[in-house]
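A short worksheet on the structure shown next.
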Amino acid sequence: MASLAGLIGESPRLVAVRTQVEQLLCRQSKTRRLPPVLIVGETGTGKGLLARTIHDAGPRAAGAFVAINCAAIPETLLEAELFGFEQGAFTDARHAKAGLFQTAHRGTLFLDEIGLLPESLQAKLLTVLEDRAVRRLGSTRTEPVDVWIITASSEDLRAGARRRGFREELYHRLAVVTLRLPPLRERGQDILTLAEHFLARTCTEYGLAPKTLAEDARAALVAYRWPGNVREVANVMERVALLVDRPLVTADKLELAIPRNQRASRPADHETTLCDAPIGTSLGQTVEEVERRHILEALRETRWNISRAANRLGVTRNILRYRLQKYGLRSPAGTAEPTTPAEPMSLTVDSTTALKPVTVQWEHRHVALLRADLVTMAGIGRAAHALRGTGP
């Protein structure tokens with residue numbers, strides 16, 4: 001069995017994943033059936049790297065490793081890519097083509113973002129997994145395939161199955177062995193290990209002089225939340241290696257956003273302090289926090305004038321009042337909320353606006369009037385007869 005050195009880090013959760021992989025590979029052989037593996041983790045945690053490592057360290061290392069992102073191919077083409085097609089199966093199908101299942105025969109097929117697989121293909125994929133055979137588009141016969149299936153998802157497929165967006169039976173078929181990669185913010189000192197690894201590798205690949213991280217840079221790396229996970233660390237270290245000339249990399253060169261709970265100076269305002277949510281809040285809570293702060297700022301700048309604050313925020317007064325009620329915001333003592341009419345027009349008048357005198361100027365204009373009389377054909381005949389009767 002090959003080494004799992006590609007999984008860099010010694011944090012407890014990563015060690016647990018590495019142990020699971022070792023136990024799985026020790027129980028497999030080239031002749032036995034391999035169980036489907038589902039890798040779950042946030043975007044950028046290294047799901048593709050883990051899938052490749054499992055393949056290289058497993059009994060199918062000599063076979064092909066075929067990877068496909070289910071979200072990157074249009075639904076109309078994905079079925080043909082996965083299962084293949086026969087000549088004449090559809091327009092422009094001039095030649096038969098094997099699908100990725102047959103391409104990965106006796107190897108590994110990695111289906112990334114399996115949670116985004118169209119529902120119309122989920123039933124067919126389930127059939128292939130259970131029968132271990134595929135039928136190409138336009139074909140009447142099935143062909144056996146021997147493929148190790150590894151899938152990955154950045155979302156909770158179990159919850160997706162409950163919402164009926166993902167077939168529950170397919171989830172249970174894919175999740176025979178589930179590996180959960182932890183986000184980088186929960187891996188502690190692994191952040192520094194990965195940063196030093198990527199910095200050294202980048203300097204070597206670009207032929208640059210080696211660089212090291214200063215103490216303040218190391219502290220900033222650990223304090224940062226890393227929403228992009230390992231992929232973001234690699235990108236930051238590559239940028240630093242290319243743009244920093246000095247051998248010692250300081251925190252300011254990293255250009256990382258300072259976490260909210262570690263800012264050097266914080267406003268001594270009680271309401272602003274209340275909207276500083278703790279680290280680890282959900283995306284929805286973070287959005288509400290930012291929205292509440294912007295509303296407070298607009299209200300203070302307009303002295304709690306609802307109309308002017310709504311205009312500054314680009315919303316209607318009704319929406320602003322709803323937000324005030326939602327977040328429990330009240331005007332402070334001594335600042336009464338001005339009464340505004342129900343009409344869309346605000347009666348608040350800017351005292352700096354001066355009334356300008358109205359100047360009336362008269363101009364001569366020529367108007368042309370046209371008159372047209374509409375008569376019927378019978379009327380024209382009577383008029384002609386009358387004219388003939390009055391003649392000499």
Side-chain angles (χ1 to χ4, degrees), residues 2 24-25 27-39 47-48 50-153 157 160-161 165-179:
L24 171 66
L25 297 179
R27 290 176 170 83
Q28 306 304 324
S29 66
K30 295 182 180 180
T31 57
R32 294 178 183 175
R33 181 175 179 176
L34 300 172
V37 178
L38 172 62
I39 304 174
K47 299 185 292 293
L50 178 58
R52 183 74 199 213
T53 301
I54 293 175
H55 168 78
D56 293 339
R60 300 292 179 93
F65 178 81
V66 180
I68 181 174
N69 190 317
C70 297
I73 300 179
E75 180 179 354
T76 55
L77 301 178
L78 187 56
E79 182 177 8
E81 285 292 320
L82 288 175
F83 309 113
F85 56 86
E86 295 290 345
Q87 180 179 358
F90 51 85
T91 305
D92 294 333
R94 298 183 176 89
H95 305 283
K97 178 183 176 182
L100 296 183
F101 269 92
Q102 292 178 298
T103 304
H105 183 62
R106 295 183 179 176
T108 303
L109 178 61
F110 174 52
L111 302 175
D112 197 7
E113 294 299 343
I114 188 65
L116 300 179
L117 185 71
E119 294 186 35
S120 59
L121 297 182
Q122 293 179 19
K124 189 167 185 177
L125 176 60
L126 179 62
T127 302
V128 172
L129 295 177
E130 292 178 344
D131 298 344
R132 304 180 68 185
V134 296
R135 187 176 66 180
R136 300 185 187 185
L137 290 175
S139 177
T140 58
R141 60 186 180 88
T142 59
E143 303 175 58
V145 290
D146 181 14
V147 177
W148 190 8
I149 299 295
I150 301 179
T151 57
S153 176
L157 293 184
F166 194 83
R167 298 177 67 98
E168 186 173 1
E169 60 269 31
L170 179 58
Y171 164 75
H172 292 301
R173 193 68 183 85
L174 296 174
V176 175
V177 177
T178 302
L179 304 174

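By convention here, the first residue in the shown sequence is residue 1. These values consider heavy atoms only, across backbone and side chains, with no hydrogens, waters or symmetry-generated copies.
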For the pair Phe65 and His55, name the ring-plane relationship: parallel under 30°, tilted 30 to 60°, perpendicular over 60°. tilted

Verdict with supporting geometry, Lys124 and Glu79, salt bridge (Lys or Arg N to Asp or Glu O under 4.0 Å): CA-CA 9 Å; Lys124 189 167 185 177; Glu79 182 177 8; 3.0 Å; yes

Whether the side chain of His105 engages the backbone of Asp146 through a donor-acceptor N/O pair (distance < 3.5 Å, no angle test) should be reported. yes

Is it true that Glu143 and Arg135 have a side-chain N and a carboxylate O under 4.0 angstrom from each other? no

Roughly how far apart are Glu75 CD and Leu121 CG, rounded to 0.5 Å? 6.0 Å

Heavy atoms only: give me the nearest Leu25-Pro59 pair and the separation to one decimal. CD2-CD, 4.5 Å

For a side chain to side chain contact (heavy atoms under 4.5 Å, CB included) with Ile114, tell me which candidate from Leu125, Ile149, Ile39 qualifies. Leu125

Any sub-3.5 Å donor-acceptor pair from Trp148's side-chain atoms to Pro35's backbone N or O? yes

Just so I know, are the side chains of Ile68 and Phe110 near enough to count as touching, which here means a heavy-atom distance under 4.5 Å? no

Testing the basics here: between Gly115 and Ser153, what is the closest heavy-atom pair and its distance to 0.1 Å? N-OG, 4.3 Å

Taking all non-hydrogen atoms of both residues, which atom of Val147 and which atom of Ala104 are closest, and how far apart? CG2-O, 3.6 Å

Could you give the distance from CG (Leu109) to CZ (Arg60), rounded to the nearest 0.5 Å? 11.5 Å

Any side-chain heavy-atom pair from Ile150 and Ile54 closer than 4.5 angstrom? yes

Value rounded to 0.5 Å, distance of NE2 in His172 from CG in Leu157: 11.0 Å

Is any side-chain heavy atom of Phe83 closer than 4.5 Å to a side-chain heavy atom of Leu100? no

Are the side chains of Arg132 and Val128 in contact, using a 4.5 Å heavy-atom criterion? no

Please check: side-chain N/O of Gln122 versus main-chain N/O of Leu117, any donor-acceptor pairing under 3.5 Å? yes

Would Asp112 and Lys47 pass as an ion pair if we require N to O under 4.0 Å? no

For a 4.5 angstrom cut-off between non-hydrogen side-chain atoms, does Leu38 reach Leu179? no

Less than 4.5 Å apart, side chain to side chain, heavy atoms only: is that true for Glu169 and Arg173? no

Nearest heavy atoms of Ala80 and Phe85, plus distance in Å: CB-CD2, 3.9 Å

Could you list the residues that satisfy salt bridge (charged side-chain N to carboxylate O under 4.0 Å, His left out) with Glu113, not counting sequence neighbours? none

Just do the salt bridge (Lys or Arg N to Asp or Glu O under 4.0 Å) check on Glu86 and Lys97 with the steps written out, would you? CA-CA 6 Å; Glu86 295 290 345; Lys97 178 183 176 182; over 6 Å; no

I'd like to know if the side chain of Asn69 and the backbone of Ala71 have a donor-acceptor N/O pair within less than 3.5 Å. yes

Taking all atoms of both residues into account, what is the closest heavy-atom pair of Leu78 and Pro118, and its distance? CD2-CD, 3.8 Å

Main chain of Ala123, side chain of Thr127: is a donor-acceptor contact present, judged purely on distance under 3.5 Å? yes

Are Leu174 and Leu129 side-chain neighbours, meaning at least one heavy-atom pair lies under 4.5 Å? yes

